[in-house]
Amino acid sequence: MSRTHVTCVLNGDEIDFLCNDYQTLLSALRDELGMIGTKEGCGTGDCGACSVILDGQLVCSCLVFAPEVEGRRVETIEGLAEVDHLHPLQDSFLEGAAFQCGVCTPGFLMAAKALLDRNPSPTETEVRYGVAGNLCRCTGYDKIVRSILDAAARMSDPERQKEAT
Amino acid sequence: MTTTRTGYKWVGTRPVRHDGLDKVTGRARFGADYATAGMLHGVVLRSPHVHARILSIDLTEAAAMPGVKAIITGADLPDIPDETGTGSEGGINFRDLSRNILARDKVLYEGHPVAAVAAVTLRAAQRAAEAIEVDYEILPAVLSLEEAMEDDAPVLHDDLFTLGLDSPPDRPSNISRRRVIARGDLDAGWEEADVVVEREYTTKAVHQGYIEPHAVVAETGEDGRSTLWCSSQGHFAMRTYTTKVLGWEPGDMKVIPAEIGGGFGGKTTIYLEPLAALLSRRAGRAVKMVMTRSEVFRATGPTSGSVMRIKMGARRDGKLVAATAWMAYEAGAFPGSPIGPGVMTVLACYDIPNVLIEGYDVVLNKPKVAAYRAPGAPMAAFAAESVVDELAEELGIDPIELRLRNAVTEGVRAVYGPKYRKIGFVETLEEARDHPHYSAPLGPWQGRGVASGYWFNFGGETTATVSINEDGTAVVMSGCPDIGGTRAALAQMAAEELGIDVHRIEPVVADTHSIGYNDMTGGSRVAFAVGIAVVDASRQLIDDMCARAALIWDVPREEVEWVDGRAQSVTGAAAPLTLEELASGSGATGGPLSATVTVNPRGAGAGFSTQICDVEVDPDTGLVTVLRYTVVQDAGRAIHPDYVEGQMQGGAVQGIGWALNEEYIFDRNGVMENPGFLDYRMPVASDLPMIDTVIVEVPNPDHPYGVRGVGETGIIPPMAAVANAVYAATGKRMQDLPMSPVRVLEALSGD
Amino acid sequence: MARVFFPTALQQLTGDLEECEIEASTVRELFVRLEDRFPGIREQLASAAVAIDGDVVPGALLERLEPDSEVHFLPAISGG
């Protein structure tokens, strides 16, 4: 079977890969590119563990065919931190104990980033709906929601942002 | 709310966890994240029928398909005898375990594995599995406890004779065991009671719902030695079980623990591991197997559905004087529901003189249940704590006050026999009563409920090693997978002992070839049992280092003490020696600094939790919304309060899901209709408020820092707390879970 | 003398005796003494977990008993 050649911008770098037409973006990331940070929890778009940002839009990568990302921008958990410092969401998740097992964490971080990208100072309710597509079975969401609110506060406060870097 | 304490530098603080960075950057490797070059992909062919005899399996076409490297069926596993080992509720029966992993003569539920295939691609394996021809003779199925317990019910196992009956049965049935707890004089008890409440309750099977599906990579060499990478709650047990089922030697298998993406008891047993190992042996290549979510639902977990009848009597002054409980738990296709802890915990919060509890373990054509957080206790508490709430109302006594008047305390004999040692149940009740939540005003269609719960907790076999590196940093090694922050907690205890910064300690979860045996991460045991071993090993090291300092200074050992991470002369005769100095020069004082301790500790402190729930009920839709929730729980001592709170919050929310939404739904033929997260509705962030926590600390005298297990107790009270709140809001007692909008609406329209 | 409590299911073998006191310094010795007194009980006890002073002790045979120890036989539990 012939494979499809796909070119896209992944975490800021132009890359290309080969995949089968039936392969999902999730599978291409994990199995073709070895980027295992994006997780599969259900394969049906119900748990959000595979959340990535595609052209600025939060998507479940298990519901996107890999060839669909031709020419588009894909952001994954592997691109969230800078070389020498973490994204404020990552700092907040660490300091706020926003995960226990951690398997849903990459998806939550991407969903939270997509939320804060379009709404830099969300209310608690907006945070809860912003990550309502992501399942966490360990935490009961309390510390996740608090950490996202904390990250939003950090990001809007230049003093704290400086402190973080 | 948090508790602060003095006297400790690291215990009770909230450092960033050591494995945190890997988990926020996507670098942490979970079960499905392992791959080896040239590995094959394995899939399982599962039964479409709930109960059928396997007449024949024809592999001819499948085996000839391109890329197919190995196919196995039940006939490829040794037919192991009916033998019970330890490690699970009621002991694990290896014959049943084997037959659950791969059916032999009969399939007993939809999704029961019948064959496994390994091929060069996942697609090739899936196509080959579809090409396997299985000839079934369909048998009548039993799908409910009522049906399964009837005298003329179709029987799943011809050799299953009920244990624990007054006279041994003369024919097989679906009831594997009856358990009875009795004490006192019931007639006298009922005589004394002024108020009696008797009700029947039902709960449905619910799944642990871990986000990471089961996954394994197995590589078995030409010499028969194998390596498994898998996520589980205990890789030593995975090795024991897997080699037992395969008839292999445990020493020939190395299991490397992956990070585990949630377990909650559901990853204390094996499903894919022997299949992958054997396929790899047959194919001569590594084999990777990952379950789909649908497979996870249809063929792993869940915990039991149940039917319970509870009757309790109290005097006018609120003293509980008599109680009976009749309980039947679904075991699924093979015996082994958590009915044992069910009967032991159902009335364990209260000191009741006259009691009869009767429990039944019942097999039926559903997936075999697995442990789920405080196995057997949550459904029992739903029933008992609902009755207590009704009694409180009948007696006109505040529900927390009624519980206080009957609460078990140190020295009281538990209903199942032993005396309680130091416990903090009363303290959780008092904290709940005094919490502002308990007296906050409520609006229309809003109500408040309370409930309590008890769990034993467990110690278990444990090995831990503490080693000092030449730069004075330390490695703390254990063999218990870290599911919720135990690496940090263990490092904190070592830091407290050694007197060094917690982040100069690297906590490691070692594989089966790198450390001595460890029981699973289960029974809320790690901070307790592994904590004891880590503290002991640290103290041995300190003693050793003091002796070496004495050697260097040429003074008696008694003149050296360990203060703030340094060996110090009590006479001030020499400048202190730091950990780094002692470690870098250890070659001259007897060799590397390392200590290993093995323990099997008694004294796991019992856990109690009391929870307060406010709900609002929408009278038009029946939707129940949790408005406010407070978990009060005795942790003994919270080593890392963030992760103690996390256990309490996570347990409570699993319980809220169990109360309101979650259930296995089967069609008329016993096929699960909702094997996905869309229709098996677990709580999401927008369903919930913040979950407030109050950590009560009544130290456990049998742990150096007072730790009690905290992982499980939190899931026990929620269903009753929610049901009691729904009653307070609507005047309707909900006796069947889940309290879905349809059910609540039905109850409301009963007016 | 260790104080031994019999679960309801075993009381058929003990002639409805709910508890008794037995001189034994280890669980193994206790089992031997119990079998002498209540023939057949040892087989029944094989699948039970032994709780000594409230602690379930896995593989308890060699465990020491204090003169005032309480021994219970419970269903096995390990938790989730």
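Here is how names work: the chains are called A, B, and so on, in the same order as the sequence lines, proteins then strands, and each is numbered from 1. Being a predicted model, the structure only gives us computed values, none of them experimental. When reading the values below, keep in mind they use all heavy atoms of this one structure, side chains included, and skip hydrogens, waters and symmetry mates.
Contact of B:Ile656 with chain A is not made at all, since no heavy-atom distance falls under 4.5 Å. Neither the backbone nor the side chain of A:Leu89 comes within less than 4.5 Å of any heavy atom of chain B. Interface residue A:Leu109: only side-chain heavy atoms are found under 4.5 Å from chain B. Both the backbone and the side chain of A:Ala132 come within contact range of chain B, each with at least one heavy atom under 4.5 Å from a heavy atom of that chain.
Taking CG of B:Leu678 as the reference point, atom SG of A:Cys42 lies at 9.0 Å (rounded to 0.5 Å). Between the SG atom in A:Cys138 and the CD1 atom in B:Ile483 there is a gap of 8.0 Å [rounded to 0.5 Å].
Most heavy-atom pairs under 4.5 Å with chain B: of the set A:Gly140, A:Cys104, A:Cys101, A:Gly37, this distinction falls to A:Cys101. In terms of non-hydrogen atom pairs under 4.5 Å with chain A, the most contact-rich of B:Gly650, B:Ala32, B:Ala685, B:Gly26 is B:Ala685. Ranked by heavy-atom pairs shorter than 4.5 Å toward chain A, the options B:Gly484, B:Gly209, B:Gly20 are led by B:Gly209. The residue among B:Val653, B:Ile691, B:Val684 with the most heavy atom pairs within less than 4.5 Å of chain A is B:Val684. Of the residues considered (B:Gly263, B:Ala35, B:Gly261, B:Pro15), B:Gly261 shows the highest number of contacts with chain A, using heavy-atom pairs under 4.5 Å.
Inter-residue side-chain proximity for B:Ile260 and A:Val103 is flagged as unmet; no heavy-atom pair is nearer than 4.5 Å.
Closest approach of B:Pro213 and A:Gly41 over heavy atoms only: CG-O, 3.8 Å.
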Please tabulate, one pair per line, the N or O donor-acceptor pairs under 3.5 Å between chain A and chain B.
from, atom 1, to, atom 2, distance (Å)
A:Arg30, NH1, B:Asp33, OD1, 2.9
A:Arg30, NH2, B:Ala32, O, 2.9
A:Arg30, NH2, B:Asp33, OD1, 2.7
A:Lys39, NZ, B:Ala28, O, 3.4
A:Lys39, NZ, B:Asp33, OD2, 2.4
A:Gly41, O, B:Arg293, NE, 2.9
A:Gly41, O, B:Arg293, NH2, 2.9
A:Gln90, NE2, B:Val24, O, 2.7
A:Phe99, O, B:Arg17, NH1, 2.9
A:Gln100, O, B:Arg17, NH1, 3.0
A:Gln100, O, B:Arg17, NH2, 2.7
A:Gln100, OE1, B:Gln647, NE2, 3.4
A:Gln100, NE2, B:Gly646, O, 3.0
A:Cys101, N, B:Ile483, O, 3.1
A:Arg128, NE, B:Leu688, O, 3.2
A:Arg128, NH1, B:Ala685, O, 2.9
A:Arg128, NH1, B:Leu688, O, 3.1
A:Arg128, NH2, B:Pro689, O, 3.3
A:Arg137, NE, B:Gln208, O, 2.8
A:Arg137, NH1, B:Glu662, OE2, 2.7
A:Arg137, NH2, B:His207, O, 3.0
A:Arg137, NH2, B:Tyr372, OH, 3.4
A:Arg137, NH2, B:Glu662, OE1, 2.8
A:Arg137, NH2, B:Glu662, OE2, 3.3
A:Tyr141, OH, B:Pro683, O, 2.7
A:Asp142, OD2, B:Gln649, NE2, 3.4
A:Asp142, OD2, B:Ile691, N, 2.8
A:Lys143, NZ, B:Glu645, OE1, 2.5

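Shown here is A:Phe17, whose CZ atom has more than 12 heavy atoms of other residues, nucleotides or ligands within 6.0 Å.
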